[in-house]
Protein chains: 2
Amino acid sequence: MANINEVAKKAGVSVATVSRVLNSPNVVTPRTKAKVEDAIKKLNYEPSMLGRNLRNSESRLLLVLVPSISNPFYIDIIKGIEQSALDQNYNILLCETDSNPEREEIYFDLVRKKMADGIISMDPAVNIETLKELSKQYAIIQCSEYSEESDIPYVTIDNEEAAYRAVKHLIKLGHQEIALFNSNEKYLYARERKEGYMRALQEYGLPINDEFIIMTDQLNFDSGIEATKRIMNLKDRPTAIFSVSDLLAVGALKEMNRTGVKVPEEMAIIGFDNIEFSNMTYPTLTTIAQPMYQLGTVAANMLIEKVNGGEVTNTILNHELLIREST
Amino acid sequence: MANINEVAKKAGVSVATVSRVLNSPNVVTPRTKAKVEDAIKKLNYEPSMLGRNLRNSESRLLLVLVPSISNPFYIDIIKGIEQSALDQNYNILLCETDSNPEREEIYFDLVRKKMADGIISMDPAVNIETLKELSKQYAIIQCSEYSEESDIPYVTIDNEEAAYRAVKHLIKLGHQEIALFNSNEKYLYARERKEGYMRALQEYGLPINDEFIIMTDQLNFDSGIEATKRIMNLKDRPTAIFSVSDLLAVGALKEMNRTGVKVPEEMAIIGFDNIEFSNMTYPTLTTIAQPMYQLGTVAANMLIEKVNGGEVTNTILNHELLIREST
DNA sequence: GTTGATAATGTAAAGGATTACATGTTTGTA
DNA sequence: TACAAACATGTAATCCTTTACATTATCAAC
């Protein structure tokens with residue numbers, strides 16, 4: 001495979017000139033440019049990014065840390081990231097941590113070893129201490145989930161307000177007994193969404209029933225079924241569910257269908273995220289729409305800005321309540 | 001950031017020795033090894049993969065070409081690929097082509113420019129001519145969808161047989177009028193699955209009704225709804241649907257639910273792929289399970305084998321008929 | 001036809017590792 | 001004690017670009 005030297009020789013110029021034709025074509029005479037381009041074509045030359053990256057001390061790769069690609073919530077974010085990255089000549093290294101610290105370390109090593117120029121972390125279970133440490137030296141952005149006491153820049157939505165609006169919607173429909181399917185409150189978003197849930201209840205003078213608050217350890221379909229079974233076994237059942245994840249809500253829906261409980265008549269359900277699938281269920285799922293794609297593009301732009309030494313400010317994007325058939 | 005020279009100086013050895021400590025620790029004296037490791041620690045040295053990759057003429061990155069990450073079918077394959085890759089110290093560059101030739105070219109360029117060591121293509125709409133051309137020079141594997149007349153190695157399942165079994169299952173249940181939701185027959189898998197569909201019908205002496213064969217241009221939910229509407233508008237409706245993709249089948253299911261047609265009593269539905277979601281619908285979806293994860297691991301192993309100059313043989317993996325509620 | 005300014009090109013160092021080959025050190029044995 | 005064999009370490013080339021700096025070519029103006 002030809003390298004820049006051979007091209008230079010064939011074109012009768014120096015390697016510097018070849019490089020210039022490639023990188024700043026305007027500083028070179030049309031005649032030499034033509035000669036060089038001719039040689040490039042004849043030799044089928046493709047500049048090696050390995051050499052270039054070494055020289056430029058960059059990899060033009062962005063690490064995207066995701067807890068799981070099975071959760072469609074992340075898919076649209078990833079699409080947004082990929083688009084922004086491509087637009088700026090970056091590529092993404094998609095890394096699924098599975099909340100496994102060992103894997104996480106493998107991926108962190110990629111940036112330590114210069115194989116990635118920066119990180120977008122979306123993993124709520126990320127080792128925040130390591131992340132903080134890394135952020136002193138490398139460009140890092142948190143997307144969706146973030147840590148308050150780090151000063152790692154983030155992009156997210158107002159989770160408290162979104163949850164508040166969701167629950168308020170249920171209350172307005174006449175529900176007084178509303179369950180909350182939440183995840184572990186060690187995660188900020190879980191705490192914030194619970195805050196919103198409680199604020200809505202309080203505002204309308206409704207009691208907070210601890211039995212109605214279910215903590216699931218994973219945001220997936222099975223946990224949704226599990227949680228639903230638990231509330232359905234209560235003597236005093238709620239009439240509505242606010243779930244912090246569409247996947248949990250889909251599980252709830254399934255369990256309702258299985259046991260013949262009518263949605264929304266006997267049980268209203270509202271999810272969170274607006275994953276593509278929430279529109280395919282029976283009935284379709286009312287949910288809080290997060291601007292996933294935009295979360296992605298903004299995160300990527302912030303990261304690239306930071307990689308290039310720029311300053312970057314935290315961003316809160318808008319959410320939206322999508323009322324569909326399940327409420 | 002420290003480099004290998006500084007480590008060597010600090011440890012009082014040559015760079016070669018430092019490199020050896022890193023790459024073949026056993027050829028170096030325990031005493032020197034200790035000195036070097038000490039220096040590494042003190043300087044917080046991390047070997048740069050940029051330098052190493054240039055020297056070794058490799059990137060240790062595998063390109064994974066997917067038509068769309070919105071289709072969960074690919075998600076498990078990707079997981080498999082990622083696991084195998086990690087096990088062998090590779091990472092994956094996930095590339096969503098969106099069946100957009102320009103994007104595809106960007107990604108192909110990555111391998112031309114040595115930024116990726118090989119490609120796993122899963123895109124049925126891939127530009128097969130370019131792929132064939134590239135495969136002369138670079139390591140390429142096709143996963144799931146492949147081209148018969150190229151000699152690019154592939155891993156897939158027996159689509160004809162799988163379709164045959166699915167349709168036979170419907171026939172055994174008493175269905176005589178069976179619709180086929182297929183994608184464009186320019187794709188091999190579409191042709192093969194249609195073959196299987198026809199073989200089953202023929203074997204049982206059932207007529208082939210062209211009106212029952214619907215071609216969709218995309219394998220997604222909306223196309224499923226669309227196709228369903230078409231067959232429901234026929235004077236003579238089928239009593240069962242065989243869909244070549246779960247997503248289409250989910251669309252069909254939704255449309256049945258919307259219009260109050262009972263599944264499976266009035267309309268049986270069978271999908272293809274066994275995406276995670278097919279188990280979450282109401283009713284759950286009978287489907288052909290492809291061994292997605294395994295497709296991924298096998299593809300990755302084949303590719304890495306090929307990257308390292310090995311020879312590789314085509315692989316056909318087993319599928320399975322999963323009978324659930326929709327039939 | 002000089003001169004000076006400007007534009008185009010060339011030279012060589014640098015970026016950070018790996019490794020063939022050369023050199024220096026230990027061992028074991030006679 | 002001396003010598004060869006085996007082992008450990010060092011030297012320097014190499015992978016492929018980019019770019020600061022040096023050099024040469026071009027052109028206008030006098």
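Look at NZ on B:K9: it is 16 Å from C1' on D:dG10, rounded to the nearest Å. To the nearest angstrom, C1' of C:dA14 lies 12 Å from CG of B:L54. Across the protein-nucleic acid pair, A:R60 atom CZ and D:dT17 atom P stand 17 Å apart, rounded to whole Å. Across the protein-nucleic acid pair, A:N23 atom CG and D:dA20 atom P stand 12 Å apart, rounded to whole Å. Remark: C1' of C:dG16 and CG of B:N5 are 8 Å apart, rounded to the nearest angstrom. Note: CD (B:E58) to P (C:dA17) measures 15 Å, nearest angstrom. Across the protein-nucleic acid pair, B:K113 atom NZ and D:dT17 atom C1' stand 13 Å apart, rounded to whole Å.
A salt bridge does not link B:K42 to B:E37: none of the charged side-chain nitrogens sits closer than 4.0 Å to a carboxylate oxygen. The pair B:D38-B:K41 does not count as a salt bridge, with every side-chain nitrogen at least 4.0 angstrom from each carboxylate oxygen.
Backbone-only contact: A:E46 has heavy atoms under 4.0 Å from sugar-phosphate atoms and none from a base. No contact: A:L50 has no heavy atom under 4.0 Å from any strand. When heavy atoms are screened at a 4.0 angstrom cut-off, B:N53 is found touching no nucleic acid atom at all.
In the displayed structure, B:K132 atom NZ is contacted under 6.0 Å by more than 12 heavy atoms of other residues, nucleotides or ligands.
Between the base of D:dT17 and the side chain of A:R52 there is no donor-acceptor pair shorter than 3.5 Å. Under 3.5 Å, the side chain of B:R55 and the base of C:dT18 form at least one donor-acceptor pair of N or O atoms.
Across all their heavy atoms, A:I140 and A:L131 have their closest contact at CD1-O, 3.7 Å. Here the closest heavy-atom approach between residue A:M302 and residue A:V155 is recorded as SD-CB, 4.0 Å. Contact detail for B:D117 and B:A139: the closest heavy-atom pair is O-CB, 4.1 Å.
Distances shorter than 4.0 Å separate none of the side-chain N or O atoms of A:S48 from OP1 or OP2 on D:dC16. Between C:dT18 and B:N56, no contact under 4.0 Å exists linking OP1 or OP2 to a side-chain N or O.
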Checklist entry - What's the verdict on side-chain contact (heavy atoms from CB on, under 4.5 Å) for A:S99 and A:D123, showing C-alpha distance, side-chain angles and the deciding distance? => result CA-CA 8 Å; A:S99 299; A:D123 188 1; 4.1 Å; yes
Where do N or O atoms of nucleotides 5-10 of chain C meet protein N or O atoms at under 3.5 Å, pair by pair?
residue: C:dA8; atom: O3'; partner: A:T29; partner atom: OG1; Å: 3.1
residue: C:dT9; atom: OP1; partner: A:T32; partner atom: OG1; Å: 2.7
residue: C:dT9; atom: OP2; partner: A:T29; partner atom: N; Å: 3.0
residue: C:dT9; atom: OP2; partner: A:T32; partner atom: OG1; Å: 3.1
residue: C:dG10; atom: OP2; partner: A:S14; partner atom: N; Å: 2.7
residue: C:dG10; atom: OP2; partner: A:S14; partner atom: OG; Å: 3.2
residue: C:dG10; atom: OP2; partner: A:T17; partner atom: OG1; Å: 2.7
residue: C:dG10; atom: N7; partner: A:R20; partner atom: NH1; Å: 3.4
residue: C:dG10; atom: N7; partner: A:R20; partner atom: NH2; Å: 3.4
residue: C:dG10; atom: O6; partner: A:R20; partner atom: NH2; Å: 2.5

